[in-house]
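Structure in structure tokens, see below.
Note that the structure is a prediction, hence the values are computed from the model and not measured. Note that these values count all heavy atoms, side chains included, but never hydrogens, waters or copies made by symmetry. Within every chain, numbering begins at 1; the chains are lettered A, B, ... in the order of the sequence lines, protein sequences first and strands thereafter.
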Amino acid sequence: MENEIKKDSKSPKPYWNPYLAGLGLGLVLLASFVIMGRGLGASGAMSSAVAAGVSVVAPGHAMSNEFYKEYLGDGTKNPLKDWLVFEVIGVFVGGFLSGTFSHRIKRSVEKGPQYTDKKRFVFAFVGGILMGFGAKLGRGCTSGQALTGGSMLNLGSWAFMLCVFAGAYAFAYFVRRQWL
Amino acid sequence: MSPFYKFGYFGDEASFIIAFITGIGFGFFLEKGGFGSGNKLAAQFYFKDLTVFKVMFTAIITAMLGIFFLGAFGLMDISMVYTTDTFMIPQIVGGLLLGLGFVVGGYCPGTSIVSCSIGRIDPIFYVIGIFVGIFIYGEVYPFISGFANSTPMGRITIPEYFNISYGIIVFLVVLMAIGGFIGSEWVEKKYGYKKGDGK
Amino acid sequence: MNELVITRMNHLIDPNLHIWGWEVPVYLFFGGLVAGIMIISGYFIVTHKYKAENSALTFLPYLGIILISVGMGSLFLDLEHKLFTWRMYTAFMWKSPMSWGAWILMLVYPILLILSFIKISPMIGALIPGLYKISERINKPNILKALGILSISIGALLGLYTGVLLSAFGARPAWNSAMLWIIFLTSGLSAAAALIHMIAKNKDERELLAKSDNVLLIIEFVLILLYLVGLLTSSQVSNDAAMLLINGKFAAIFWIFVVGIGIIIPLIIQLSAVTHRIKHTSVGPILVLFGGLMLRFIIVAVGQYSHWSSAVLK
Amino acid sequence: MAINLPKTINSKLAALAVVLGVIALFVGNPMKNNAKVNLYEISQKIEESKSKVSPETLAEWIIAQKADFALVDLRDEKQFNEYHITQAENIQLQKLIKSNLPKTQKIILYSDNDGFVSAQAWFLLISKNYNNVYVLDGGLDKWKKNVLFPSLSATANSEEKAKFEKMKEVCKFFGGMALGVDSTNSGASVAGMPKLTAPAGGGAAPKSGKPKKEGC
């Protein structure tokens with residue numbers, strides 16, 4: 001009996017029906033609206049982390065920069081003591097819990113079959129840079145703008161979301177070997 | 001009356017705890033939906049697997065209908081929910097850049113965290129990349145702040161901009177999403193991974 | 001303690017409330033962990049579980065010696081007058097928990113050392129063959145039983161004392177609670193159980209400790225709640241101290257890192273592991289250990305932040 | 001089963017969404033007229049005096065047919081029908097928060113004088129998250145004095161004279177009349193407001209009802 005379970009537990013469980021996962025996600029988002037009056041996000045927390053890092057290394061420089069200052073405030077509060085930072089810690093924990101129960105915790109690299117790990121890492125890094133820059137210019141990422149602003153019917157968020165999909169589909173062809 | 005926080009039902013410290021719990025829910029459903037996998041996310045852009053679209057839009061219409069009806073029943077003051085101001089041109093450019101980053105890197109910030117949490121290695125590079133990207137943005141911000149703050153439109157929603165009733169827009173978005181779902185099921189059947197593709 | 005209260009805790013003389021940095025919490029954590037190790041090892045002896053292949057008695061006593069040394073080292077760093085440490089041992093003041101602690105620690109080392117002789121691991125046995133002889137001498141039922149009981153009681157004392165040490169500070173309302181010592185003891189035990197759960201190779205041992213760790217975590221959680229309730233129903237200053245953890249400066253970190261990541265989430269993971277829904281991994285135990293460390297950090301920080309006069313805080 | 005079950009759930013969810021969407025269609029607007037006011041932001045705006053537009057500037061904008069603002073007359077209907085600045089729409093204070101003024105546009109408020117009423121209206125709109133709200137400096141009285149019936153004091157220097165010449169043209173556009181030198185008290189010397197006629201030169205016609213939308 002026990003052996004049987006263990007055998008099963010090695011193979012990952014299938015993903016949920018996307019509509020149910022979406023429903024769950026939407027309810028979490030709704031709960032956030034109801035309780036906090038704000039939506040979800042991710043890139044904001046990363047900005048806080050960057051601002052905090054810069055202010056540790058070069059406090060004067062950070063405080064003279066309007067962008068960092070937005071995250072550092074007047075300097076009396078720890079920039080990492082921020083709503084989004086705690087939320088992102090939660091995202092990590094939540095992802096891990098889900099992964100644990102679905103037996104998906106595995107050290108691996110996501111890529112197409114013909115790609116080397118090294119190349120994939122370079123692409124991931126470059127993609128991250130683009131994403132970070134774009135997210136700041138667009139005032140949020142897929143979670144902060146597309147999901148949150150989208151459900152609030154925010155004009156800029158919808159324009160942003162359409163552009164995300166447009167950008168991704170437009171460039172998908174050029175990096176197809178990475179994925180297919 | 002909600003939002004609770006904005007009405008002062010609890011303080012900042014409690015809000016962080018709520019942030020953590022909310023985050024757990026967020027991460028949990030993202031992972032359950034398959035957003036922890038770069039392959040699955042990227043497959044969206046090759047019409048192989050439209051999970052991203054389905055999950056995202058189901059979430060959007062769920063939350064949208066939720067706040068709409070909470071507002072309609074007088075349980076929620078929608079105008080107190082924070083949304084970012086619109087800066088049209090920078091957001092369009094940012095969106096395009098982000099889309100490019102999405103397909104090159106394979107994740108968006110939230111999903112990269114989830115993917116890290118289940119032990120993948122590539123999103124770690126991706127997250128470091130995001131940090132670098134934000135750092136670059138911060139460093140060049142003094143030079144591009146004019147552009148970054150151009151075309152400000154304030155806090156504006158689609159119903160306000162087009163001066164159409166909120167309810168009509170909600171209805172249209174729901175119709176659009178359902179249409180999109182039917183379309184994506186069809187696309188998946190046509191172009192998607194067949195059974196036994198190992199995906 | 002009195003002299004400390006009068007000379008250091010007077011905010012007019014010493015307005016800086018943060019006297020203890022990272023050293024003391026680290027010491028308290030390792031002290032608690034070693035206390036837990038001693039209790040569990042003692043339990044293994046008394047219940048004759050040591051006969052089976054296990055890590056509680058082969059590997060852990062060594063680890064205990066290292067860990068308590070790390071803890072003592074960090075405590076030593078914190079001492080103002082390092083050269084006069086020996087004076088602790090020239091007088092035994094039964095009223096002073098610090099004096100207790102010094103003497104308890106004196107007993108911890110030899111006991112851990114003797115425990116490590118019960119089962120000689122082949123690697124060390126090859127190095128020092130003489131150890132087998134000592135091992136033979138100890139391995140008699142009567143001696144072992146006495147040793148087990150001694151280990152449990154000294155371990156319990158060590159675990160208690162870390163909490164009592166803090167409770168004795170009357171000027172620190174957050175510490176001045178009778179619940180503190182039992183929280184620290186339980187937390188130390190759960191951390192030790194988690195550690196063994198993580199490193200044990202024997203399946204039965206692992207399962208046993210995972211299960212007991214779950215129970216301990218639940219108890220710890222309840223105790224923390226009781227601790228807060230106790231403070232809340234006490235005087236105004238204690239109330240303020242409790243509010244620091246419930247809705248104040250330390251609330252977010254306390255509930256997220258100590259209760260959330262340190263207790264509830266590992267509990268969920270380990271409960272699923274012992275019911276065989278998921279594999280045993282080291283994630284749960286690591287989180288428990290992390291939570292234990294955070295608990296000490298926060299309790300020490302809150303204690304130093306809370307004050308006998310609530311006016312000073314504002 | 002694993003395949004069949006989700007499908008029924010999918011269609012049920014879709015049906016539910018559509019039903020809710022249809023109800024939403026009839027509910028219309030869930031926004032309530034509650035507002036959260038950021039006092040700090042407002043006090044900053046007041047401090048920077050970013051909330052006033054001078055009559056001359058407004059006149060220039062109207063002449064240049066700049067349509068990026070909504071002009072709101074806060075007086076009652078009778079007064080509005082007697083005279084109002086071209087392009088203005090009449091929204092009284094108590095109706096202001098229910099009006100659907102576009103948030104994308106500048107909003108310029110005016111009433112009789114510098115005005116308590118304009119200030120109140122300004123505050124209401126700011127609290128409703130309108131960002132670009134301005135008050136016509138000095139209200140309709142100053143508009144009358146500076147734009148409709150500009151005057152030149154006897155001691156004016158050349159610069160003021162040049163300005164006066166310019167204002168002469170401006171006031172003609174609005175159907176006013178420049179007063180000569182020495183008229184010290186313009187408001188008293190002029191009997192009434194100009195009649196409501198379409199301004200000369202085919203200026204922007206008075207708008208009614210709905211505010212203009214910007215192109216998509």
### Query
Taking A:Val54, A:Thr142, A:Leu162 one by one, which has the highest count of heavy-atom pairs under 4.5 Å against chain B?
A:Thr142
### Query
Taking every heavy-atom pair that is under 4.5 Å apart, which of A:Ser143, A:Ala45, A:Ser157, A:Gly134 has the most such pairs with chain B?
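Going by pairs under 4.5 Å, I would pick A:Gly134.
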### Query
If you count heavy-atom pairs under 4.5 Å between each of A:Phe160, A:Phe101, A:Phe96 and chain B, which one has the most?
A:Phe160
### Query
So do the side chains of A:Phe123 and B:Asp122 get within less than 4.5 Å of each other, counting heavy atoms only?
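Contact flag for A:Phe123/B:Asp122 side chains = no.
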### Distance-minimising heavy-atom pair for B:Leu98 and A:Met131
CG-SD, 3.2 Å
### Query
Looking at B:Pro159, B:Ala43, B:Ala148, B:Gly33, which makes the most heavy-atom pairs under 4.5 Å with chain A?
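Of the options given, most contacts go to B:Ala148.
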#### Entry: 4.5 Å side-chain heavy-atom contact, B:Glu139 and A:His61
yes
### Query
So, do B:Gln91 and A:Cys163 sit near enough that their side-chain heavy atoms are less than 4.5 Å apart?
no
### Message
Counting C-beta onward and ignoring hydrogens, is there a side-chain heavy-atom pair between A:Trp158 and B:Val173 closer than 4.5 Å?
### Response
yes
#### Entry: Option that, when pairs with chain A are counted at under 4.5 Å, heavy atom only, ranks first among B:Thr86, B:Thr83, B:Leu100
B:Leu100
### Message
Quick check for you: among B:Thr84, B:Val114, B:Ile21, which has the greatest number of heavy-atom pairs under 4.5 Å with chain A?
### Response
B:Thr84
### Message
Quick check against the 3.5 Å criterion: does A:Trp179 have a side-chain atom that pairs as donor or acceptor with the backbone of B:Val103?
### Response
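Answer holds: yes.
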### Task
With rounding to the nearest 0.5 Å, note down the distance linking CD1 in B:Ile89 to CG in A:Leu137.
11.0 Å
### Query
Any idea which of B:Pro142, B:Ser112, B:Gly101 has the most non-hydrogen atom pairs under 4.5 angstrom with chain A?
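Most heavy-atom pairs under 4.5 Å with chain A: B:Gly101.
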### Query
Are the ring centres of B:Phe102 and A:Phe165 closer than 6.0 Å?
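Aromatic pair excluded; centres sit 6.0 Å or further apart.
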### B:Met88 side chain reached by A:Leu155 side chain, heavy atoms, under 4.5 Å
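In contact.
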### Task
Side chain from CB out, backbone as N, CA, C, O: work out which of these in A:Ala31 comes under 4.5 Å of a heavy atom of chain B, or both, or neither.
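No part of it gets close to chain B.
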### Query
What part of B:Leu70 is in contact with chain A, defined as an atom under 4.5 angstrom from a non-hydrogen atom: side chain, backbone, both or neither?
side chain
### Query
If you check every heavy atom in residues 144-154 of chain A against those of chain B, which residues fall under 4.5 Å?
A:Gln145, A:Ala146, A:Leu147, A:Gly150, A:Ser151, A:Met152, A:Leu153, A:Asn154
### Query
Considering only heavy atoms, which portion of B:Tyr107 lies under 4.5 Å from any heavy atom of chain A: side chain, backbone, both, or neither?
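Contact with chain A involves both backbone and side-chain atoms of B:Tyr107.
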### Message
Is A:Tyr68 close to chain B through its backbone or its side chain, or both, or neither, when contacts mean heavy atoms under 4.5 Å?
### Response
side chain
### Task
Sort B:Ile61 into side chain, backbone, both or neither according to what part of it lies under 4.5 angstrom from a heavy atom of chain A.
neither
### Query
For the candidates B:Tyr137, B:Phe131, B:Phe35, which exhibits the highest count of non-hydrogen atom pairs separated by less than 4.5 Å from chain A?
B:Tyr137
### Message
At a 4.5 Å cut-off on heavy atoms, which part of A:Leu23 comes close to chain B: side chain, backbone, both, or neither?
### Response
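Looking at A:Leu23, backbone and side chain both touch chain B.
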### Query
Where on A:Trp83 is there a heavy atom nearer than 4.5 Å to chain B: the side chain, the backbone, both, or neither?
both
### Message
I need the residue from A:Gly39, A:Ser98, A:Ala166, A:Ala172 with the largest number of non-hydrogen atom pairs under 4.5 Å to chain B.
### Response
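Answer, by heavy-atom pair count under 4.5 Å with chain B: A:Ser98.
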### Query
Looking only at heavy atoms, which two atoms of B:Ile134 and A:Ser43 are closest? And how far apart?
CD1-O, 4.1 Å
### Query
By a 4.5 Å heavy-atom criterion (distance strictly below it), what part of B:Gln44 contacts chain A: side chain, backbone, both, or neither?
both
### Task
Decide yes or no for A:Leu25 and B:Thr58: does some side-chain heavy atom of the first lie under 4.5 Å from some side-chain heavy atom of the second?
no
#### Entry: Region of A:Lys13 in contact with chain B, defined by heavy-atom distances below 4.5 Å
neither
### Task
Side chain from CB out, backbone as N, CA, C, O: work out which of these in A:Asp82 comes under 4.5 Å of a heavy atom of chain B, or both, or neither.
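Just the backbone, heavy atoms under 4.5 Å.
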### Query
Are B:Ser37 and A:Tyr15 close enough that some pair of their side-chain heavy atoms sits under 4.5 Å apart?
yes
### Task
Against chain A, work out which of B:Gly66, B:Pro90, B:Gly25 has the most heavy-atom pairs shorter than 4.5 Å and name it.
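Of the options given, most contacts go to B:Pro90.
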### Task
Could you label the plane-to-plane angle of the A:Tyr169 and B:Phe47 rings as parallel, tilted or perpendicular, counting under 30° as parallel and over 60° as perpendicular?
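The rings of A:Tyr169 and B:Phe47 lie parallel, inter-plane angle below 30°.
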### Query
Which residues satisfy the ring pair (Phe, Tyr, Trp, His ring centres under 6.0 Å) test with A:Phe86, sequence neighbours excluded?
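A:Phe86: ring pair (Phe, Tyr, Trp, His ring centres under 6.0 Å) contacts with B:Phe16.
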### Query
Are A:Met46 and B:Pro109 close enough that some pair of their side-chain heavy atoms sits under 4.5 Å apart?
yes
### Message
Report which part of A:Arg139 has an atom under 4.5 Å of a heavy atom belonging to chain B: side chain, backbone, both, or neither.
### Response
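Contact with chain B involves both backbone and side-chain atoms of A:Arg139.
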### Message
Side chains of B:Thr22 and A:Glu87: any donor to acceptor distance under 3.5 Å?
### Response
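Side-chain D/A pair, A:Glu87 to B:Thr22: absent.
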### Query
Does any N or O in the side chain of A:Gln178 come within less than 3.5 Å of the main-chain N or O of B:Val104, such that one atom is a donor and the other an acceptor?
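Answer holds: yes.
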